[in-house]
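Following: one structure in structure tokens, then a few remarks.
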Amino acid sequence: MKAKPVCFIFGAGSPPSQPPSIAANDLVIAADGGYTYLQNEGIRVDALIGDFDSLGNMPKHENTNLVVQRLEMEKDQTDMFAALQYGLERGYSSFHLFGGTGGRFDHTFANIQCLAYLVNHGARGYLYEGCFVITAVAGELWLSKQKDGILSVFALGNATEGVTLRGLKYELEDARLSGDFPLGVSNEFIGQTAYIKAERGILLVVYPTGTKELEEAPISKRQLPS
């Protein structure tokens, strides 16, 4: 089955350890200072969006197909958020965010909130931080078997209810996670397929880079880890 196109967004934070694989039909957006990383790596840029406070000024470029959106310095949304909206407006539903962590913690937290925004708009986002991936889930998530490694889950908001964790060292069944108690931190893979479910609310999930997200399927059509 042909993979769906992905929207890649690069911010001015910590760069990836190695460039991701980008297909011809994927959309690549530089959120302000992320443009420098893409230029240095020789990665094509389809759109440049930002107020250019990180870049200092609008960069010179020879790409006549490059879409440039210059934002006001004083605004309600971040450059990353504006880039997400640009991708959503063009029909993308899978977003991979790089350079969205490190540096200022407030921007890192804002990008985590962006993951919730994507879920609420029928999309999924993956925020990369070092050797971990951060995503937000409303519904079910299946992760491939890992011999070991840390997985953490958190309520993104006041509370997330109907939380089920199976195939991990510490399991939960129809639990309630609150936003003021980190019950779901530092769980562990045990060599089984991990099953994660949130019936109400949004669950923030952190797991090691390289962990495969499996195709989601209804419980009735797929055997759950026991």
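A quick note: this is a predicted structure, and the numbers were derived from the prediction, not measured.
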Review point. Does a side-chain heavy-atom distance below 4.5 Å link Phe10 with Pro20?
Key: yes
Practice item. Treating Ile, Leu, Val, Met, Phe, Trp and Tyr as nodes and any side-chain heavy-atom pair under 4.5 angstrom as an edge, say whether Ile29 and Val67 lie in one connected cluster. Key: yes
Exercise for review: Take Leu84 and Leu118 through the test side chain to side chain contact (heavy atoms under 4.5 Å, CB included) and record every step on the way to the result.
Suggested key: CA-CA 8 Å; Leu84 292 175; Leu118 289 173; 4.0 Å; yes
Exercise for review: Using a strict cut-off of less than 4.0 Å between a Lys/Arg side-chain nitrogen and an Asp/Glu carboxylate oxygen, indicate whether Arg166 and Glu171 qualify as a salt bridge.
Suggested key: no
Review point. Roughly how far apart are Arg44 CZ and Leu38 CG, rounded to 0.5 Å?
Key: 10.5 Å
**Study point:** Same apolar cluster (I L V M F W Y, side chains within < 4.5 Å links), Tyr35/Val68
**Key:** yes
Exercise for review: Heavy atoms only: give me the nearest Leu203-Ala198 pair and the separation to one decimal.
Suggested key: CB-CB, 4.0 Å
Practice item. Could you pull out the closest heavy-atom pair between Glu129 and Gly102, with the gap in Å? Key: OE1-N, 4.1 Å
Review point. Are Leu66 and Ile43 grouped together when hydrophobic residues (ILVMFWY) are joined by side-chain heavy atoms under 4.5 angstrom apart?
Key: yes
Exercise for review: Could you please spell out the steps behind the side chain to side chain contact (heavy atoms under 4.5 Å, CB included) verdict for Ile202 and Leu115?
Suggested key: CA-CA 10 Å; Ile202 299 176; Leu115 299 177; over 6 Å; no
Practice item. Provide the closest heavy-atom pair for Tyr92 versus Leu88 in the form atom of the first, atom of the second, distance. Key: O-CD2, 3.7 Å
Review point. Atom CD1 in Ile150, atom CD in Glu188: separation rounded to 0.5 Å?
Key: 4.5 Å
Point to revise | Minimum-distance pair of heavy atoms, taken over all atoms of Ser152 and Ser186 | key: OG-N, 2.7 Å
Review point. Asn111 side chain to Gly100 main-chain N or O, any donor-acceptor pair under 3.5 Å?
Key: yes
Review point. Hey, are the side chains of Leu177 and Val153 touching, using non-hydrogen atoms and a 4.5 Å cut-off?
Key: yes
Point to revise | Test: Glu213 and Arg124 ion pair at under 4.0 Å | key: yes
**Study point:** Flag side-chain contact, heavy atom, 4.5 Å: Ile112 against Thr101
**Key:** no
**Study point:** Ser17 OG to Phe98 CZ distance, which is reported to the nearest 0.5 Å
**Key:** 9.0 Å
Check your understanding: With a 4.5 Å heavy-atom cut-off, do Asn187 and Lys169 have their side chains touching?
Key -> yes
Point to revise | Plane angle bin for Phe105 and Phe109 - parallel if under 30°, tilted between 30 and 60°, otherwise perpendicular | key: tilted
Review point. Around Asn40, counting heavy atoms of other residues, nucleotides and ligands shown, do more than 12 lie under 6.0 Å from its CG?
Key: yes
Exercise for review: Give a yes or no answer on whether the side chain of Asp46 reaches the backbone of Val28 with a donor-acceptor pair at less than 3.5 Å.
Suggested key: yes
Review point. Can you tell if the side chain of Ile9 reaches within under 4.5 Å of the side chain of Met80, non-hydrogen atoms only?
Key: yes
Exercise for review: Just do the side chain to side chain contact (heavy atoms under 4.5 Å, CB included) check on Leu214 and Leu143 with the steps written out, would you?
Suggested key: CA-CA 6 Å; Leu214 306 179; Leu143 295 176; over 6 Å; no
Review point. How far does CG of Asp26 sit from NZ of Lys4, to the nearest 0.5 angstrom?
Key: 13.5 Å
Study note, to complete from the structure: Scanning both residues in full, the closest heavy-atom pair of Gln18 with Tyr37 reads C-OH, 4.3 Å
Review point. When Val133 is tested against each of Val205, Leu127, Thr209, Val206 for side chain to side chain contact (heavy atoms under 4.5 Å, CB included), which residue passes?
Key: Thr209
Review point. Is any side-chain heavy atom of Phe189 closer than 4.5 Å to a side-chain heavy atom of Pro208?
Key: yes
Review point. Can you hop from Tyr126 to Val137 via hydrophobic side chains spaced under 4.5 Å?
Key: yes
Review point. Side chains of Tyr195 and Glu140: do they bring a donor and an acceptor to under 3.5 Å?
Key: yes
Check your understanding: Is a donor on one side and an acceptor on the other found under 3.5 Å between the side chain of Ser144 and the backbone of Lys212?
Key -> yes
Exercise for review: Measure the shortest side-chain to side-chain distance between Gln39 and Val45 over non-hydrogen atoms and say whether it is less than 4.5 angstrom.
Suggested key: yes
Review point. Do the side chain of Thr135 and the main chain of Gly125 share a donor and acceptor less than 3.5 angstrom apart?
Key: yes
Revision key, fill the gap. Residues Leu168 and Ala194: closest non-hydrogen pair is CD2-CB, 3.9 Å
Exercise for review: Hey, could you give me the CD1/NE2 distance between Ile22 and His96, rounded to the nearest 0.5 Å?
Suggested key: 10.5 Å
Review point. Do Val163 and Asp174 have side chains that get closer than 4.5 Å, going by heavy atoms?
Key: no
**Study point:** Approximate separation, where rounding is to 0.5 Å, of Trp142 CH2 and Thr193 OG1
**Key:** 7.5 Å
Review point. Under a single-linkage definition using a 4.5 Å side-chain heavy-atom cutoff for Ile, Leu, Val, Met, Phe, Trp and Tyr, are Tyr170 and Phe154 assigned to the same hydrophobic cluster?
Key: no
Exercise for review: Let me see the working for Ile49 and Asp32 under side chain to side chain contact (heavy atoms under 4.5 Å, CB included), right down to the final yes or no.
Suggested key: CA-CA 6 Å; Ile49 299 173; Asp32 202 332; over 6 Å; no
**Study point:** Aromatic centroids of Phe81 and Tyr117 separated by under 6.0 Å
**Key:** yes
